[in-house]
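Worksheet: the structure to be examined is printed underneath.
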Amino acid sequence: MKTQKRLLLGDEAFALGAINAGLSGAYAYPGTPSTEILEFVQQDPVAAQRKIHSHWSSNEKTAMEEALGMSFCGKRAIVSMKHVGLNVAADPFVNSAMTGANGGLIVIAADDPSMHSSQNEQDSRFYADFAMIPTLEPSDQQESYDMAGYGFKLSESLGVPVLLRFVTRLSHSRGSVAVEETPAPENEFHYPDKKDQWVLMPASSRKRNKVLIEDFNKAQQLSEESPYNAYHDANDKSLGIIVSGIAWNYLKELYPDGIPYPTIKISQYPLPQKMITKLFEECDSVLVLEEGQPFIEKYLRGVIDRNMKPVYGKITGEVVRTGELNPDEIKNALLKIKGEDCGLKQEEVAGISDIVVNRPPALCQGCGHRDVYQALNEVLKEYESPKVFGDIGCYTLGFLAPFNAIDTVVDMGASITMAKGAADAGQHPSVAIIGDSTFTHSGMTGLLDAVNEDSPITVIISDNLTTGMTGGQDSQGTGKLEEICLGIGVPEKHLRTIDSHPKNIEEMKKMFKEEIDHNGLSVIISRRECIQTARRKVSK
């Protein structure tokens, strides 16, 4: 493939790499040192020619959810923010590991050591480790460019998002970059194979959690084989060096004729344990060079302890990795390690799941959400591949039989933003369903994004006049939802209200059909008081 040289900032190199790797959507909230990523996409002629979606979002959370919605449709997406922005996006970021990714999804967090324009020096690698998401950390502008395509492939092969960690010096310094002259095509539109994986109800999340741990083990092996992690041997074994990211360049500058000590260069995480173990076995002492907080160093102190004395637990497999601990699990762990010398005997003990019969949740009889789903399901039969993006609340139960009406549930407020991201990718119909309490919690900012682009989505606010899922607490939007929507900018013509009652099913169907066919944003408030709070009022 022909290449040409360009002088680019680290941010620009990544953005161009993403475009040339088949990018379909770029989402962001501005924050130094990450801002130039989306700005480059917005100004790039190839991105303009391809009509790659690139738009500033209301905040980092909505940006993350919109990118996840595009990934759901099989398209490649990036979402960029500064390090503290990842705090705002933490809910969907962590849960995106549970849903997984369909199209390649790269989350860029630009850390700011020395706080050039930030309130702290937090290190985004801890977030990725916590969420069990692989991390890439480029050491120069060329790797910034190359890791875009590599990151998309890694995301799609493991089926999870990938975090790419920048630091200020790399984001805002220029270097010569070899770039492809011919961009790769965008991904074809396609949906995930496993629908229940994208609905984070406890039953499906428990299954997915086990798979996520297995996939993280695969990511561990890929780190050992990664072209971005390398063991450089040398003769002087008095010191071994582990160096990550941009610090690799600083070290090479000190030793232009070659580093005299064995060195591990790390730019892909999880950490390559075999390389690290080899270094500790061969060298008298180890120096860790890393930009930001002592992420690798903290990990290595655990490795050193393991090499001195065995440490047993969840990582080594003696203790159960998922779910709660109980006396039986602890006994099993002791028996694995010590046998019957621990004073316990192996015997069959019934587990909690064998004693307690599961009682699956269901929407209450007389619940207005039921009528919404009934009408919506009948209308959507008329369309090819309709998608309904759900949210957190009682109405999440619409995923279950008999309605089976929801395709995704990720976090508070994600229904609107994911529906928007899917519509950005070309999905139609793209329907969001959200409750009144969740809407005022986290849905309003996503609706603002949809208003600003007049996104072709239909938002159904299923208003039961309370926070029903948690027992009927006050909802901040009660009696004000129409005013809020109008204030945000929803067109009055396409803001409609209906009583979600069985007698109004045909009228609801007609309204849903009309607004789904509208090529722009529409909001339908379906209102009916929660049957449980209504009963409590009557009984007083």
Open item on the list: For the aromatic rings, using the six-membered ring if either is Trp, is the centroid distance between Phe40 and Phe14 under 6.0 Å?
Closed with: no
- [ ] Identify whether the distance between the nearest side-chain nitrogen and carboxylate oxygen of Lys480 and Asp436 falls below 4.0 Å.
- [x] no
Task: All pairs passing side-chain hydrogen bond (donor to acceptor under 3.5 Å, both in side chains) where residues 110-125 contributes a residue, at least two apart - done: Lys82-Ser118, His83-Asn120, Asn87-Gln122, Asp111-Ser124, Asp111-Arg165, Asp112-Ser118, Asp112-Thr168, Asn120-Gln122, Asp123-Arg125, Asp123-Arg165, Arg125-Tyr269, Arg125-Glu290
Task: Sidechain-backbone polar pair: Lys75 side chain, Asn187 backbone, donor-acceptor under 3.5 Å - done: yes
Open item on the list: With a 4.0 Å cut-off on N to O distance, would you call Glu186 and Arg76 a salt bridge?
Closed with: no
Open item on the list: Applying side chain to side chain contact (heavy atoms under 4.5 Å, CB included) to Leu447 and Val523, what does each step give before you reach the verdict?
Closed with: CA-CA 9 Å; Leu447 183 60; Val523 175; 4.0 Å; yes
TODO: Look up atom CD in Glu384 and atom NE2 in His428, then write down how far apart they are to the nearest 0.5 Å.
DONE: 11.5 Å
Task: Residues Lys195, Asp407: salt bridge by 4.0 Å N-O rule - done: yes
- [ ] Just grab all the side-chain hydrogen bond (donor to acceptor under 3.5 Å, both in side chains) pairs involving residues 29-45, residues at least two apart or on different chains.
- [x] Glu36-His172
- [ ] Taking atom CZ of Phe130 as the centre, report whether more than 12 heavy atoms of other residues, nucleotides or ligands fall under 6.0 Å from it.
- [x] no
Open item on the list: For Glu188, is the CD atom crowded, meaning more than 12 foreign heavy atoms sit under 6.0 Å from it?
Closed with: no
Task: Atom pair CD1/CD1 of Ile433 and Ile416 - distance to nearest 0.5 Å - done: 11.0 Å
- [ ] Kindly check if the number of other-residue, nucleotide or ligand heavy atoms within 6.0 Å of CZ (Arg169) is above 12?
- [x] no
TODO: Answer yes or no: is there a donor N or O on one side and an acceptor on the other, between the side chain of Thr408 and the main chain of Trp198, under 3.5 Å?
DONE: no
TODO: Apply side chain to side chain contact (heavy atoms under 4.5 Å, CB included) to the pair Ile457 and Phe389, showing each step before the final yes or no.
DONE: CA-CA 10 Å; Ile457 65 173; Phe389 298 88; over 6 Å; no
Task: Check against side chain to side chain donor-acceptor pair (under 3.5 Å), Thr438 and Tyr395 - done: CA-CA 11 Å; Thr438 306; Tyr395 47 93; 3.1 Å; yes
- [ ] Inspect the contact between Lys153 and Glu156 and indicate whether a charged nitrogen and a carboxylate oxygen are less than 4.0 angstrom apart.
- [x] no
Task: Residues in salt bridge (Lys or Arg N to Asp or Glu O under 4.0 Å) contact with Asp499, at least two apart in sequence or another chain - done: none
Task: Test item: Arg208 side-chain N/O and Ala203 main-chain N/O as donor-acceptor pair under 3.5 Å - done: no
TODO: If the plane angle is over 60° it's perpendicular, under 30° parallel, otherwise tilted; pick one for His53 and His55.
DONE: tilted
Open item on the list: Closer than 4.0 angstrom, basic N to acidic O: yes or no for Glu514 and Lys510?
Closed with: yes
- [ ] Determine, for Lys420 against Glu453, whether the closest basic-nitrogen to carboxylate-oxygen distance falls under 4.0 angstrom.
- [x] yes
TODO: If the plane angle is over 60° it's perpendicular, under 30° parallel, otherwise tilted; pick one for Tyr373 and Phe403.
DONE: tilted
Open item on the list: Tell me whether the count of non-hydrogen atoms from other residues, nucleotides or ligands lying under 6.0 Å of CD in Glu492 goes above 12.
Closed with: no
- [ ] Measure from the side-chain N and O atoms of Asn102 to the backbone N and O of His190, and report whether any donor-acceptor pair falls under 3.5 Å.
- [x] yes
TODO: Any chance you could lay out the side chain to side chain contact (heavy atoms under 4.5 Å, CB included) test for His494 and Thr458, step after step, and finish with the verdict?
DONE: CA-CA 10 Å; His494 294 285; Thr458 302; over 6 Å; no
